[in-house]
Amino acid sequence: MYEINLTIRNEKELYSPFDDTCRTLSQDVSDYLVEQYGRKEVGDEIVLKIKCGEPVDFDRARGAFQELIREQELHNANQKKINLIKQLWLFCVGVVFVAAGIMLDGVLDSVPVELISIVGSFAVWEAANIWIVENPRTHIARMMLKRLNATKIVIEQPQNGNE
């Protein structure tokens, strides 16, 4: 089990000062959670302990935490779409340039033909890089978000207001 301890003075510190509805975690809290989550071992169950000297509304805190996860899931899904578009575009451009290099061989000097082929090869390589490097990153991020969504939240607050 991996425990993330978050100590606040009052509930308002959890939320963005710009959000009157208290549905958005503050940037400091979000950054802290992401940093702490990055330190956990693969497969560990996560427990988020919020320690506060005042009462904290559990449902509101859980809702803000889930909103953070939803935002990250949307960002991840958008990144996946962007990667696909970039991948297809670079691959098509690369194939066109490589084919142009092959067709122009013997028509033009060797230097322009080589440059065209290099540009085409580079574009195909970049498409492959997205497929080999970037897409697995978004997949891992999606899996991490699923684990983060299963985080147990515990609020430690004073008993009878005496802490």
Side-chain angles (χ1 to χ4, degrees), residues 1-95 119-163:
M1 177 172 58
Y2 183 73
E3 195 172 283
I4 300 173
N5 293 303
L6 177 65
T7 303
I8 55 174
R9 288 182 294 266
N10 58 54
E11 184 177 4
K12 275 290 199 189
E13 288 183 348
L14 280 176
Y15 310 111
S16 172
F18 306 110
D19 182 10
D20 289 340
T21 64
C22 298
R23 291 185 190 151
T24 308
L25 291 177
S26 75
Q27 190 63 49
D28 288 341
V29 171
S30 297
D31 292 345
Y32 177 74
L33 292 175
V34 168
E35 177 186 323
Q36 291 301 308
Y37 183 75
R39 295 179 179 175
K40 78 168 206 61
E41 295 293 323
V42 176
D44 281 350
E45 179 184 321
I46 307 165
V47 175
L48 172 60
K49 282 191 177 179
I50 301 172
K51 298 175 184 179
C52 186
E54 299 177 1
V56 175
D57 183 331
F58 177 82
D59 292 333
R60 185 171 29 206
R62 178 74 182 168
F65 183 74
Q66 288 177 331
E67 184 62 28
L68 172 67
I69 293 169
R70 267 192 300 278
E71 287 174 8
Q72 291 298 317
E73 287 173 338
L74 283 173
H75 174 74
N76 197 37
N78 287 338
Q79 189 61 50
K80 189 175 178 181
K81 289 176 189 174
I82 289 168
N83 284 353
L84 178 62
I85 292 168
K86 283 171 52 177
Q87 195 175 347
L88 290 173
W89 174 253
L90 287 167
F91 183 76
C92 291
V93 166
V95 167
V119 168
S121 298
F122 182 75
V124 170
W125 172 252
E126 285 299 311
N129 183 55
I130 292 170
W131 179 53
I132 294 168
V133 176
E134 296 299 322
N135 288 349
R137 268 191 206 144
T138 57
H139 179 72
I140 289 168
R142 186 180 59 200
M143 290 174 55
M144 287 175 27
L145 287 169
K146 283 182 182 178
R147 294 277 305 145
L148 194 57
N149 201 20
T151 297
K152 180 179 177 184
I153 297 177
V154 176
I155 297 177
E156 294 181 357
Q157 48 196 21
Q159 301 295 327
N160 300 326
N162 292 338
E163 270 188 30

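Numbering starts at 1 and runs along the sequence shown. Predicted model, so just to flag it, every value in this text is computed and none were measured.
When all heavy atoms of Phe91 and Ala127 are compared, the closest pair comes out as N-CB, 3.7 Å. Among all heavy-atom pairs drawn from Tyr15 and Asp57, the shortest one is OH-O, 4.3 Å. Looking at every heavy atom in both residues, Ile153 comes nearest to Phe58 through O-CE1, 3.3 Å. Residues Pro136 and Trp131 share a closest heavy-atom pair of CD-O, 3.4 Å. Residues Ile50 and Ala61 share a closest heavy-atom pair of CD1-CB, 4.5 Å.
To the nearest 0.5 Å, atoms CD (Gln27) and CG (Asp31) are separated by 4.5 Å. The line from CG of Leu84 to CD1 of Ile130 is 9.5 Å long, rounded to the nearest 0.5 Å. Summarising the geometry, atom CD belonging to Glu13 is positioned 9.5 Å from atom CG belonging to Asp28; distances are rounded to the nearest 0.5 Å. Here the CD1-CG distance, from Ile4 to Leu148, works out to 7.5 Å after rounding to the nearest 0.5 Å. Rounding to the nearest 0.5 Å places CD of Gln36 at 11.0 Å from CD1 of Ile46. The distance from the CG atom of Asn10 to the CD atom of Glu54 is 5.0 Å, given to the nearest 0.5 Å.
Every residue two or more places apart in sequence or in another chain was checked for a side-chain hydrogen bond (donor to acceptor under 3.5 Å, both in side chains) with Arg62, and none qualifies. Remark: Val154 pairs with Val47, Lys49, Lys152, Glu156 by the side-chain contact (heavy atoms from CB on, under 4.5 Å) rule, at least two apart or across chains. Taking the salt bridge (Lys or Arg N to Asp or Glu O under 4.0 Å) definition, one finds that Glu11 meets it with Arg60, sequence neighbours left out. Every residue meeting the side-chain contact (heavy atoms from CB on, under 4.5 Å) condition with Phe122, not counting sequence neighbours, appears here in chain and number order: Glu126. Among residues two or more places apart in sequence or in another chain, the side-chain contact (heavy atoms from CB on, under 4.5 Å) test is passed with Ile140 by Met144. Glu73 pairs by the side-chain hydrogen bond (donor to acceptor under 3.5 Å, both in side chains) definition with nothing, not counting sequence neighbours. Residues passing the side-chain hydrogen bond (donor to acceptor under 3.5 Å, both in side chains) test with His139 are Arg142, sequence neighbours excluded. Every residue two or more places apart in sequence or in another chain that forms a side-chain contact (heavy atoms from CB on, under 4.5 Å) with Trp89 is listed here: Val93. Under the rule for a salt bridge (Lys or Arg N to Asp or Glu O under 4.0 Å), Glu45 has no partner lying at least two apart in sequence or in another chain.
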List the atom pairs, donor and acceptor, that lie under 3.5 Å between side-chain atoms in residues 64-72 and the rest of the protein, sequence neighbours left out.
| residue | atom | partner | partner atom | Å |
| --- | --- | --- | --- | --- |
| Glu67 | OE1 | Arg70 | NE | 3.2 |
| Glu67 | OE1 | Arg70 | NH2 | 2.8 |

Contacts table for residues 16-25: side-chain donor-acceptor under 3.5 angstrom, sequence neighbours left out:
| residue | atom | partner | partner atom | Å |
| --- | --- | --- | --- | --- |
| Ser16 | OG | Phe18 | N | 3.3 |
| Asp19 | OD1 | Thr21 | N | 3.0 |
| Asp19 | OD1 | Thr21 | OG1 | 2.4 |
| Asp19 | OD2 | Thr21 | OG1 | 3.3 |
| Asp19 | OD2 | Arg23 | N | 2.9 |
| Asp19 | OD2 | Thr24 | N | 2.9 |
| Asp19 | OD2 | Thr24 | OG1 | 2.9 |

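No side-chain heavy atom of Asn5 sits less than 4.5 Å from a side-chain heavy atom of Leu48. No side-chain heavy atom of Tyr37 sits under 4.5 Å from any side-chain heavy atom of Thr151.
Here the options are Lys80, Gln79, Lys86, Gln87, the test is side-chain hydrogen bond (donor to acceptor under 3.5 Å, both in side chains), and the partner is Asn83; only Gln79 passes.
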